[in-house]
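Keep in mind it's a predicted model, so treat the numbers as computed, not measured. Heavy atoms only: backbone and side chains are in, while hydrogens, waters and symmetry mates are out.
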Amino acid sequence: MAGDSASRFHQIPEALWERIDLVIPIYNRSCKGGRPRLPMQNVVGGILYVLATGCQWKAMPKQFGSGSAIHDYFQEWVRLGVFEEL
């Protein structure tokens with residue numbers, strides 16, 4: 001059941017994504033190496049999933065990526081005013 005509802009958030013319509021992509025920060029690869037960043041569409045989908053369902057960050061379906069990493073993006077974007085811009 002969680003997979004069905006999660007897929008709705010994983011498929012962000014292209015027209016909506018084009019608008020979102022204009023306001024989210026651009027992240028460059030770290031010169032130190034490490035893990036690659038999550039795809040931004042997964043991050044946005046995970047945030048929308050948590051906000052719509054009310055689930056805990058760590059309980060979000062794994063198809064979005066790490067719940068704690070997505071929560072970090074969410075907190076940063078709140079500080080930067082990304083959601084207000086949207």
* To do: Could you tell me whether Gln56 atom CD has more than 12 heavy atoms of other residues or ligands within 6.0 Å of it?
  => no
* **Nearest atoms (heavy-atom pairs only) where Ser68 meets Lys58** => CB-CE, 4.2 Å
* To do: Kindly indicate whether the side chain of Phe74, heavy atoms from C-beta on, has any atom under 4.5 Å from the side chain of Val50.
  => no
* **Any Gln75 side-chain heavy atom under 4.5 Å of Asp72 side chain** => yes
* To do: Taking all non-hydrogen atoms of both residues into account, name the closest pair between Ile70 and Asn42 and its distance.
  => CD1-O, 4.1 Å
* To do: Might you work through the side chain to side chain contact (heavy atoms under 4.5 Å, CB included) test for Tyr27 and Tyr73, ending with a clear yes or no?
  => CA-CA 11 Å; Tyr27 296 99; Tyr73 281 104; 3.7 Å; yes
* Val23 versus Glu85, closest heavy-atom pair with distance -> CG1-CG, 3.1 Å
* Does the side chain to side chain contact (heavy atoms under 4.5 Å, CB included) test come out yes or no for Val44 and Phe64, once each step is laid out? -> CA-CA 9 Å; Val44 171; Phe64 295 111; over 6 Å; no
* **Minimum heavy-atom distance Tyr49-Pro61, with the two atoms named** => CE2-CD, 3.3 Å
* Can you see which heavy atom on Ile12 is nearest to which on Gln41, and at what distance? => CD1-O, 3.7 Å
* To do: Take Ile24 and Trp77, measure what side chain to side chain contact (heavy atoms under 4.5 Å, CB included) needs, and give me the verdict at the end.
  => CA-CA 8 Å; Ile24 59 175; Trp77 293 358; 3.8 Å; yes
* Structure fact -> Interatomic distance, CD1@Ile20 vs CG@Leu16, rounded to 0.5 Å, equals 4.0 Å
* Structure fact -> Closest non-hydrogen atoms of Asn28 and Arg37, given as atom of the first, atom of the second and distance, are O-NE, 4.1 Å
